[in-house]
2 protein chains.
Amino acid sequence: MKYKILENPNYEETYDLIEEGLKKKATILLFACCRVSYEGRSLSELDYGERIIMMKPDGCFLIHQDNKVDPVNWQPPKSRPRAYIKDEILFLESHRRSPPERIEVEIKKVHYANYNLIEDYEELERAGYEKDMGDMIWDKPHIIEEGFRPTVREYATEHGFIDILGKDSKGNLMVLELKSRKAGITAVKQIRRYLTDFENKENSEIKAKNGQKQKIRGLLVAPSIGDDALELLEEEGIEFVSVEPPRELKKDKRVTLDSFG
Amino acid sequence: MKYKILENPNYEETYDLIEEGLKKKATILLFACCRVSYEGRSLSELDYGERIIMMKPDGCFLIHQDNKVDPVNWQPPKSRPRAYIKDEILFLESHRRSPPERIEVEIKKVHYANYNLIEDYEELERAGYEKDMGDMIWDKPHIIEEGFRPTVREYATEHGFIDILGKDSKGNLMVLELKSRKAGITAVKQIRRYLTDFENKENSEIKAKNGQKQKIRGLLVAPSIGDDALELLEEEGIEFVSVEPPRELKKDKRVTLDSFG
DNA sequence: AAGTCCATCTCGTAT
DNA sequence: ATACGAGGTGGACTT
């Protein structure tokens with residue numbers, strides 16, 4: 001059977017449904033009055049109230065109240081779920097090691113319970129990431145400025161990776177730090193560290209070669225920048241270029257309706 | 001009616017259920033084959049597959065796949081939900097302004113739909129709160145320093161409540177501000193305000209009594225303190241005492257099962 | 001397994 | 001409203 005639904009089941013019926021659902025690696029949903037204890041990275045108690053309990057086949061365990069996006073209590077994937085009856089009361093448990101964490105749910109009244117073998121073979125396709133910005137700038141460097149030539153991506157320095165390294169039309173070195181969202185003060189500091197790393201390197205290597213000091217330009221590339229960050233950036237002589245992350249999906253994927261008859 | 005459940009409803013029945021659920025400010029659950037588009041802070045597409053859709057009365061909109069703790073698509077509280085039918089196809093929508101964001105769900109097949117008026121008046125009780133710290137210090141004042149004697153909790157001043165008021169072994173007044181997490185600059189300013197309030201009071205009342213100026217010590221009690229806060233604290237002549245919040249729950253709270261008959 | 005960094009982070013709190 | 005920081009952050013990716 002692909003699914004099962006029970007309305008107002010007693011604790012034994014609910015127990016059987018959960019056991020069956022777990023065995024079949026189904027996704028289990030309960031709407032029940034329950035009490036929740038959590039102990040692990042933190043410690044919490046939640047007294048009796050009606051909540052939605054979700055147990056996914058990957059081991060996730062979620063308890064949702066009637067507000068908020070986040071569950072009030074949860075366990076991550078690969079946790080071990082279990083149901084048991086003690087003194088005619090149904091308990092749910094989800095446990096994991098490393099770090100040791102345990103949720104215990106005391107079920108008082110189940111309004112409905114169901115499990116479903118979910119058929120879902122699709123993954124979310126997203127746009128607007130930092131990587132997408134990098135791809136876009138790599139492909140169309142004129143977005144930054146006319147004559148910009150990117151040379152290296154993810155260039156390693158002592159303090160981390162420079163997103164894009166390149167040269168401007170005059171041959172000056174350009175250090176680009178990309179942010180897919182509004183840039184903060186930390187982004188400016190990050191560039192400052194990169195520039196310092198580079199100046200040190202330059203002093204020991206590049207300068208030795210051609211005997212003259214090469215200009216290095218630091219660029220913060222983001223859709224926008226915070227006021228405080230802008231202030232620091234100007235102090236530091238770093239430039240800001242406003243670039244919107246690419247807001248388009250790359251693939252033209254099509255799935256026919258027929259595949260879900 | 002407090003709840004409603006439909007198995008294998010058609011798109012019109014589902015539409016009616018959702019409309020009714022939204023009107024009643026209920027929590028709506030669907031298990032359905034659907035396609036999801038999101039546009040807002042980012043951009044995403046999710047092709048046909050079976051998912052669990054949750055609409056909460058606070059405006060949250062969640063779409064869960066059969067793995068992960070986080071929903072694959074969602075909208076935050078205060079978003080505006082809507083259901084509509086177009087060309088005999090049911091669509092769900094959740095929209096918000098600022099930032100502009102929209103989810104659109106095309107429903108292909110509903111396996112079951114239900115709404116529930118959830119009764120849940122409990123909030124999660126976590127360990128490590130300020131109150132727990134206060135209890136602990138009240139019970140074991142030597143945690144602060146040898147000879148400390150707490151006298152009042154939640155002492156009202158013009159600018160708010162002083163967490164703990166007491167005296168040291170020499171009879172000096174002590175003003176304690178508790179933070180269960182890393183203390184910031186605001187905590188220092190807060191103590192500064194309390195001290196000012198107290199000095200004013202003292203000048204008008206206490207000093208008149210015994211005719212001599214009494215020393216007042218301000219103490220910030222927290223597991224740790226930020227660098228900027230530390231700097232200000234030293235300037236202000238306020239002291240810092242490192243205290244970890246108690247990581248244990250007090251079990252004095254009991255709710256009888258009868259309250260959810 | 002442990003560390004690092006991004007996120008439609010969410011969520012609380014203070015301004 | 002916006003800004004800032006914490007989180008049982010989660011989740012992807014690297015070492």
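To find a chain, count down the sequence lines: A is the first, B the second, and so on, and within it residues start at 1.
- In terms of heavy-atom proximity, B/E123 sits nearest to A/L46 at C-CD1, 3.6 Å.
- Here B/Y38 lies in heavy-atom contact (under 4.0 Å) with a base.
- Taking 4.0 angstrom as the limit, B/R41 places a side-chain polar atom (N or O) nearer than this to OP1 or OP2 of C/dT10.
- Counting to the nearest Å, the C1' atom of C/dT4 and the CZ atom of A/R193 are 13 Å from each other.
- Of the charged side-chain nitrogens involved, none lies within less than 4.0 Å of a carboxylate oxygen, so that A/K25 and A/D58 do not count as a salt-bridged pair.
- The nucleotide whose nearest atom lies closest to any side-chain atom of A/Q75 is, among D/dG10, D/dG8, C/dT8, D/dG8.
- As rounded to whole Å, 18 Å separates atom P of C/dA7 from atom CG of A/D70.
- Taking atom C1' in both D/dT9 and D/dG5, one finds a spacing of 12 Å when rounded to whole Å.
- Closest to the B/S44 side chain, of the nucleotides C/dT8, C/dA2, D/dG10, is C/dT8.
- You'll find that the side chain of B/R126 is closest to D/dG8, out of C/dT8, C/dA7, D/dG8.
- Whole-Å rounding puts the A/M133 CE to C/dC5 C1' distance at 17 Å.
- Counting non-hydrogen atoms under 4.0 angstrom, B/P76 reaches nothing in the nucleic acid.
- In this structure, the nucleotide among D/dG10, C/dA2, C/dT8 sitting nearest to the side chain of B/V69 is D/dG10.
- In this structure, A/E101 reaches the bases: a heavy-atom distance under 4.0 Å links it to at least one base atom across the strands shown.
- Ranking C/dC11, D/dG11, D/dT2 by closeness to the B/K68 side chain, first place goes to D/dG11.
- Stacking of B/W74 onto the six-membered ring of C/dT8 is present: less than 5.5 angstrom between centres, less than 30° between planes.
- Annotation: side chain of A/V221 is in contact with side chain of A/M133 (closest heavy-atom distance under 4.5 Å).
- With hydrogens and angles left out, the side chain of B/N73 and the base of C/dT8 share a donor-acceptor pair within 3.5 Å.
- For the C1' atoms, the distance from D/dG11 to D/dG7 is 14 Å, rounded to whole Å.
- Distance CD (B/Q65) to P (D/dG11): 12 Å, rounded to an integer number of Å.
- Here B/K189 lies out of heavy-atom contact (under 4.0 Å) with every strand.
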Passes side chain to side chain contact (heavy atoms under 4.5 Å, CB included), B/F31 versus A/I118? Steps please. CA-CA 9 Å; B/F31 176 57; A/I118 291 187; 3.4 Å; yes
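- For C/dT8, the OP1/OP2 oxygens have a side-chain nitrogen or oxygen of A/Y129 closer than 4.0 Å.
- Heavy-atom neighbours of A/K24 NZ from other residues, nucleotides or ligands within 6.0 Å: above the threshold of 12.
- Protein atom CG of A/D163 is 18 Å distant from nucleotide atom P of C/dT4, rounded to whole Å.
- Taking a 6.0 Å sphere around CZ of B/R41, one finds it holds more than 12 heavy atoms contributed by other residues, nucleotides or ligands.
- Rounded to whole angstrom, the span from the NZ atom of B/K78 across to the P atom of D/dA1 amounts to 7 Å.
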